[in-house]
Each structure stands twice: as C-alpha cells, then as structure tokens.
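Start at 1 and go down the list; that is how both ligands and their atoms are numbered. Just so you know, these numbers use all the heavy atoms, side chains as well, and skip hydrogens, waters and symmetry mates.
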Amino acid sequence: MNRSRNHDLVILGGTFDPIHYGHLRAVEEVRQALKIAEVMLIPAGHPPHRKSPWAAAPHRLAMTRIAVAHHPRFTVSDREVHREGPSYTVDTLRSLRQERPDALLAMVIGMDAFLRFDTWRDWQEILELTHLIVTGRPGWPAAELPEALRQTLYQRRCDDIQQLRRQSAGAIFFETITALEISATSIRSLLANGQSPRFLLPDEVLDYIEHEGLYQSP
Ligand code: ATP
C-alpha cells in the first residue's frame, strides 16, 4: 500500500506520575525500530484501571511537556486530561484516527499492561485502530495469557517490521527494549522519604517537582 508516512505516530499513554526515563527510552527505542518520525505522549486524566494518580492532571501534563520540551520529535497531547470521565484508550484512538485516517499508529504498552489487555474497554476495536507494540519490562514474569487474548495474539502477531509498516493498524509486535528498572512508584517513594530520584528522570522534571512540592508525603 502506498501511504503517506508524514502522520505516522508512536503513541504512549500513561499516568506519568511522574514521567521518567523508563517511559522516554521505551518510546524512543520503538520509534527508531519502526522508523517513525513522531512520538505522542498522552497523560491520562482519570485512568479507569487504577487508583487515582497522586499528582493532579495539570501537574502531570506539565511534567510531561517539560520532559520533552527540547525534543521536537516528541509531542504531548492534552486530549485525555481535558476529557470528562474516565480516560478510555479506545476514545483517544478514535479521535486520533479521525485526525490521521491513513497514518500508521503504533501504541506502546508494557508487557504488564498487555497481560491484562483483554480487560480494556473495546479492546478488539483498539486493535482495529492501532498496532500494539508490546515492550518487555523487567520484573514481570511471562504469565499465562487469558484465552481470548491468546487467540487474538495468534491471529495478529507480526514479527516483521517491513510487514508491519505496510499496514496502518491491526498487528501485535513485540519489541525488546533496554531494561530500565525505573517506576513512578519508586520515584514517589524516594521523594516521600526525603531522598533524591535524580538521574531516574529529567532534571527539569525534578526541578518542577521540587518547586511545586509534589510527592512529599507517603
Ligand atoms: P506506577 O509506578 O505509578 O505504576 P509507571 O512507572 O508504571 O507508574 P505508567 O504511567 O503507569 O508508569 O506507565 C505508562 C506505560 O509505560 C505503561 O505501558 C508501562 O508499562 C510503561 N512503562 C512504565 N515504566 C516503564 C519502564 N521502566 N520501562 C518500560 N516501560 C515502562
């Protein structure tokens, strides 16, 4: 298929509470592997699958913007933060697909999230709207997949980047990335204990956290 590559996009959604080098390195490695120009980071407003984030949405959006301010290939979308109600990924992808009807969309999710992917709202439709790029993450055992997800994986798994790039959506692709054992949870707990998370996240994000007094209490 002869598609314009201009609007192709690697997408990472998350609470980014706060954003850290684990997130940034993962999407950068996927971006390079897939030869895609643009990455879009989408902070969740009200994540449906987990308890409320610690920092308010405007702070998480600001930290995400600060983290990539000097990297023109990275954009940040506020569409989930400004939407009422829970941030369902399928709604986000529907709106992106309307804006970029022919683009290749590649949504990155960690292996931990993939193991529960069949609990996401309209998860089968998500696979019609985007490719799913599953990245390995340290510390998560390769657990048994639920039956419906195993069947979908059987139908949609793709191991060939050239083949993946010929479709705009629909494949599940596994990408091994540099294992950075960083989590927002560990950063929050360092801060709450009065220790520094420096070098686990961009300095400018840490400056913002300190200036705003975020994550001070356990
Ligand atoms: P928390 O510790 O609060 O659960 P987190 O660090 O896992 O947060 P999220 O915002 O929940 O961050 O993650 C968004 C996405 O980034 C998820 O798909 C998750 O799997 C992935 N991710 C998070 N940390 C890493 C990491 N160190 N390496 C690769 N991917 C990561």
A.B. asks: Would you say Y215 and D17 are linked by a side-chain donor-acceptor pair, where the criterion is simply a distance under 3.5 Å?
C.D. replies: yes
A.B. asks: Check whether any N or O atom of F16, backbone or side chain, sits under 3.5 Å from an N or O atom of ligand 1, and answer yes or no.
C.D. replies: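 Such a contact does occur with ligand 1.
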A.B. asks: Of the choices A179, S183, S189, G110, which has the non-hydrogen atom that lies closest to atom 18 (O) of ligand 1?
C.D. replies: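 Selected option, by shortest heavy-atom distance: G110.
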A.B. asks: Got a donor-acceptor contact below 3.5 angstrom from the D122 side chain to the V90 backbone?
C.D. replies: no
A.B. asks: E80 and T92: side-chain donor and acceptor closer than 3.5 Å?
C.D. replies: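 Yes, a side-chain donor-acceptor pair sits under 3.5 Å.
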A.B. asks: Counting only nitrogen or oxygen atoms and a 3.5 angstrom limit, does T15 reach ligand 1?
C.D. replies: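 Yes - when backbone and side-chain N and O of T15 are compared with those of ligand 1, one distance drops under 3.5 Å.
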A.B. asks: Which part of D112 is near ligand 1, with near meaning a heavy atom under 4.0 Å away: side chain, backbone, both or neither?
C.D. replies: side chain
A.B. asks: In terms of heavy-atom contacts, does CD of Q195 have more than 12 from other residues, nucleotides or ligands at under 6.0 Å?
C.D. replies: yes
A.B. asks: Which bit of R188 gets closer than 4.0 Å to ligand 1, counting heavy atoms only: side chain, backbone, both or neither?
C.D. replies: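 The side chain, only.
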A.B. asks: Ring-plane angle category for H23 and H20, please: parallel below 30°, perpendicular beyond 60°, tilted otherwise.
C.D. replies: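 It falls in the parallel class, under 30°.
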A.B. asks: Strictly under 6.0 Å, is that where the ring centroids of F199 and Y21 end up?
C.D. replies: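 No; Y21 has its ring centre 6.0 Å or more from that of F199.
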A.B. asks: Answer yes when R150 and E147 have at least one side-chain N-carboxylate O distance shorter than 4.0 Å, and no when they do not.
C.D. replies: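 Yes, this pair counts.
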A.B. asks: Closer than 4.0 Å to some heavy atom of T185 - which atoms of ligand 1 meet that?
C.D. replies: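 Taking each heavy atom of T185 in turn, ligand 1 has 1 (P), 2 (O), 3 (O), 4 (O) under 4.0 Å.
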A.B. asks: Do the charged groups of R116 and D118 touch, with an N to O distance under 4.0 Å?
C.D. replies: no
A.B. asks: Below 4.0 Å from ligand 1: does a non-hydrogen atom of H20 turn up there or not?
C.D. replies: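 A heavy atom of H20 does come that close to ligand 1.
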A.B. asks: For ligand 1, which atoms sit closer than 4.0 Å to a heavy atom of G13?
C.D. replies: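 By the 4.0 Å cutoff, the relevant atoms are 14 (C), 15 (C).
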A.B. asks: Would S186 count as a contact residue for ligand 1, given that I'm defining contact as a non-hydrogen atom of the residue lying under 4.0 Å from a ligand atom?
C.D. replies: no
A.B. asks: Is there a polar contact between ligand 1 and I182, counting only N or O atoms under 3.5 Å apart?
C.D. replies: yes
A.B. asks: For ligand 1, which is the ligand I care about here, please tell me if G14 has any N or O atom under 3.5 Å from one of the ligand's N or O atoms.
C.D. replies: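 Checking ligand 1 against G14, no N or O pair falls under 3.5 Å apart.
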A.B. asks: Is the shortest side-chain N to carboxylate O distance from R94 to E125 below 4.0 Å?
C.D. replies: yes
A.B. asks: Non-hydrogen atoms of L180 versus ligand 1: any pair closer than 4.0 Å?
C.D. replies: yes
A.B. asks: Backbone or side chain, does any N or O of A184 fall under 3.5 Å from an N or O of ligand 1?
C.D. replies: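 N/O-N/O distance below 3.5 Å exists for this pair.
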